[in-house]
Amino acid sequence: MTVGNGEAISIDRVTVYPLCEWREAVIREVKSGFWRLSTLFGAQSPKGGIRLYAVLAGDRVGELDVFAVDLDDVRYQALTPQCPQAHLFEREIYEQTGVMPVGHPWLKPVRFLREQDAFYKLEGSDVHEVAVGPVHAGVIEPGHFRFQCRGETVFNLEIALGYQHRGVEKMLVGGPDARSMHLLETVAGDTTIGHSWAYAQALEGLAGCAPSRRALELRAVALELERLANHTGDLGALAGDVGYLPTNAFCGRLRGDFLNMTALLCGNRFGRGLVRPGGVRFDLEPARVEVLVARLRDAMDDVEDAAELLFSSPSVLSRFETTGVISQAGCLELGLVGPTARACGVRRDLRTDFSVLPYAGKITAVDHEGGDVYSRARVRWLEMQESARFIEQQVNSLSGDECMGSVGALSPRSLVVSLVECWRGEVCHVALTDEAGKLLKYKITDPSFHNWKALEVVMCGGQISDFPLCNKSFNLSYCGHDL
Amino acid sequence: MIREFFARLRQGHRTMAFPKKEPVLSDRFRAGPKIQAALCDAGCEVCLSVCPTKALSKKDGRISVDLGRCVSCMDCRDVCPSGAVALSADYRLAVRSRGDLVGDGEVKRLAEALNAEMLKLFGRSLKIRQVSAGGCNACEADINVLGTPAFDLGRFGIQIVASPRHADALVVTGPVSANMRLALKKTYEAMPAPRIVVAVGACAISGGLFDGSAEVSRVDEVLPVDLFIPGCPPHPITILDGLLRILKRR
């Protein structure tokens, strides 16, 4: 049954299919290209046992479709062979619930490797293996990368994550409590606004109350500042990875300037304490708007300088172009999201597709053909210009409502899907409540969960020396994936 | 090259004057709560119930704040009926001893310099190896930013290095997830002595928001900690202030 973004429905209204029909329906809908798999997870069924929920997003209609199935057995025929978008979700289901997706081509746990979980290995006399991590050379989150190479050429890359697993989803069960909102702010520290907005929207849906227009506008301003800060940082880091230091140095400083704009709004550089169910905790008064706009203009002038240098330097372009290519077909098949998808010419953006308030009509999704490092860098710069334009327009036309309202009790036995287009792409939260209106299950899907596979794919046949550059061109979250 | 030169001229010199001049932070900056005992109602415990990290506790009728747990949300101030919780905006929070973070919200004793022998070794050159052990990437981001021209860590002789073999200090972020426990220990063991350990952020110091999760521990359960820099995440200035204090640069 279809639902809107942030719209709560009773668990009894979710269509529960017999297993073979569920499989067929999910595979068929995803294959049609009209729907893509937003999330897939197992939760306790109201009938006891495990129920699998598949949430499909239809970008062209701005709707979501929820397909559920109650499993009678601890095994079922895996979706992955016919629906590659399910590959990591099915591994997660296997790890978390013990249910076995039979026929999954690479059924390893997602977060906790066991003794028997070997890495994919290439045999042959000239072949060598490179293992990197979990501790990396820079100030970065931990993850493990296992390359199978012959000379410089990478034949296979397997990524093993889980080092950042803190047990966030488990800690949310039984809530909301005093800690819940803060946990959501730290799902991925660089996506604080994205995840906290998704959570607030989920709770507001379950409580049946809408925040004021002004609150939504301020959330959007903060979300775009988050996008500006991270995209700026990425452009700088990409420049650094090809040894082009001017843009690297400028953007390093400018990223901080955008973070400080978020601090101007709410006191914290990452937006902690801003978004709350019911609205936002800090208002933007006219004097603050003036300062914000002035700082935004200054920073954007300087980023333009830095970006122009980057995109017109032949040595940079020769490293960016045709490196780390993912085809449009590959992007659609894997269900990639965010700037990564848009850099493959797939114009997929929740802000426009799901006509999210207050974005409707105020922002244009951008895309770029190519699917290489250059396209992913370029898309970021194009998006930044849109974001800056949006912020300036928005802060000068804020609605006159209160920015914080109250949120009542959550409706019991309900389900809500909440999506937000954060800087990396789609953040998808699904909340299920129990008889008492407490959280029975809170499923978080960071865009990184969809996109990590893309890094493995682009490295196949590439040079190992291009790995840092490719990795940075996606800049995926470890903690958002590991939870 | 000429374009780069002109861009550099336009953008100008942007390194802050800190520590010679005090930094200008957002007027909404929150370091943490400051309890005003005189205003506090001895029979009231409402602030304790809203604290997400159990940073507040009550002993002999007095509320005490553990800044090593605090995430500076100020929910306690928002619910206090008697206005006994004030906002502290003092960015200086780094301490050498865990106990110095517990009190009325002000740190008891700011971090003191390393001893003379260590200062002789590290005072003008401190190499840092950072390990993220379950961090959310906010502490990591605010450590990374110290390397940008805005803060320019290098001017103090402090540098972030890639190998633990080259490192004098291990900076740890995150609540030490189960999967990172071994890697963290191995990194420490790979460092030549003498070495110091810096715990950055509420997660590293106390488990923070994740304290109680079966998946995490905290840094001082695994390693001896020499410098605690609290916050969620700490402001980069707070981190820099802490590092400069142990090097006797402030």
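Letters A, B, ... are given to chains in the order of the sequence lines, protein chains preceding strands, and every chain is numbered from 1. If you're wondering where the values come from, they're calculated on a predicted model, not measured in any experiment.
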For the pair A/Val135 and B/Arg129, evaluate side-chain contact (heavy atoms from CB on, under 4.5 Å) and give the outcome as yes or no after the intermediate values.
-> CA-CA 10 Å; A/Val135 179; B/Arg129 168 70 260 207; 3.6 Å; yes
Answer yes or no: is there an ion pair linking A/Asp302 with B/Arg14, defined by an N-O contact shorter than 4.0 Å?
-> yes
side-chain contact (heavy atoms from CB on, under 4.5 Å) between B/Ser132 and A/Glu141: does it pass, once the steps are laid out?
-> CA-CA 5 Å; B/Ser132 166; A/Glu141 298 179 76; 4.2 Å; yes
Does anything in residues 137-151 of chain B get under 4.5 Å of chain A by heavy atoms, and if so which residues?
-> B/Asn137, B/Ala138, B/Glu140, B/Ala141, B/Asp142, B/Ile143, B/Asn144, B/Val145, B/Thr148, B/Pro149, B/Ala150
Determine whether more than 12 heavy atoms belonging to other residues, nucleotides or ligands lie under 6.0 Å from atom NZ of B/Lys58.
-> yes
Given side chains that start at C-beta, do those of B/Arg3 and A/Ser313 come closer than 4.5 Å, heavy atoms only?
-> yes
Show your working on side-chain contact (heavy atoms from CB on, under 4.5 Å) between B/Arg28 and A/Leu274 and close with a plain yes or no.
-> CA-CA 11 Å; B/Arg28 287 177 172 171; A/Leu274 178 66; over 6 Å; no
Any donor and acceptor pair, going by atom type alone, linking the side chain of A/Arg253 with main-chain N or O of B/Thr15 inside 3.5 Å?
-> no
Which residue out of B/Ile128, B/Val161, B/Leu25, B/Asp27 racks up the most heavy-atom pairs below 4.5 Å with chain A?
-> B/Asp27
List in chain and number order the residues that pass side chain to side chain contact (heavy atoms under 4.5 Å, CB included) with A/Asp177, two or more places apart in sequence or in another chain; answer none if no residue qualifies.
-> A/Arg179, A/Ser180
Sort and list the pairs that fulfil ring pair (Phe, Tyr, Trp, His ring centres under 6.0 Å) and have at least one residue in residues 230-254 of chain A, not counting sequence neighbours.
-> none
Counting only heavy atoms closer than 4.5 Å, note whether B/Val50 contacts chain A via side chain, backbone, both or neither.
-> backbone
Does the pair B/Arg10/A/Glu304 count as a salt bridge with the N-to-O cut at 4.0 Å?
-> no
Applying the side-chain hydrogen bond (donor to acceptor under 3.5 Å, both in side chains) test to B/Glu215, which of A/Gln164, A/Lys170, A/Arg166 qualifies?
-> A/Lys170
Please collect all side chain to side chain donor-acceptor pair (under 3.5 Å) contacts where either partner lies in residues 205-214 of chain B, sequence neighbours excluded, each pair once.
-> B/Arg69-B/Asp211
For each of A/Asp257, A/Asp301, A/Asp283, tally heavy-atom pairs with chain B at distances under 4.5 Å, and name the one with the top tally.
-> A/Asp283
Let me know if B/Ile160 has heavy atoms under 4.5 Å from chain A in its side chain, its backbone, both or neither.
-> side chain
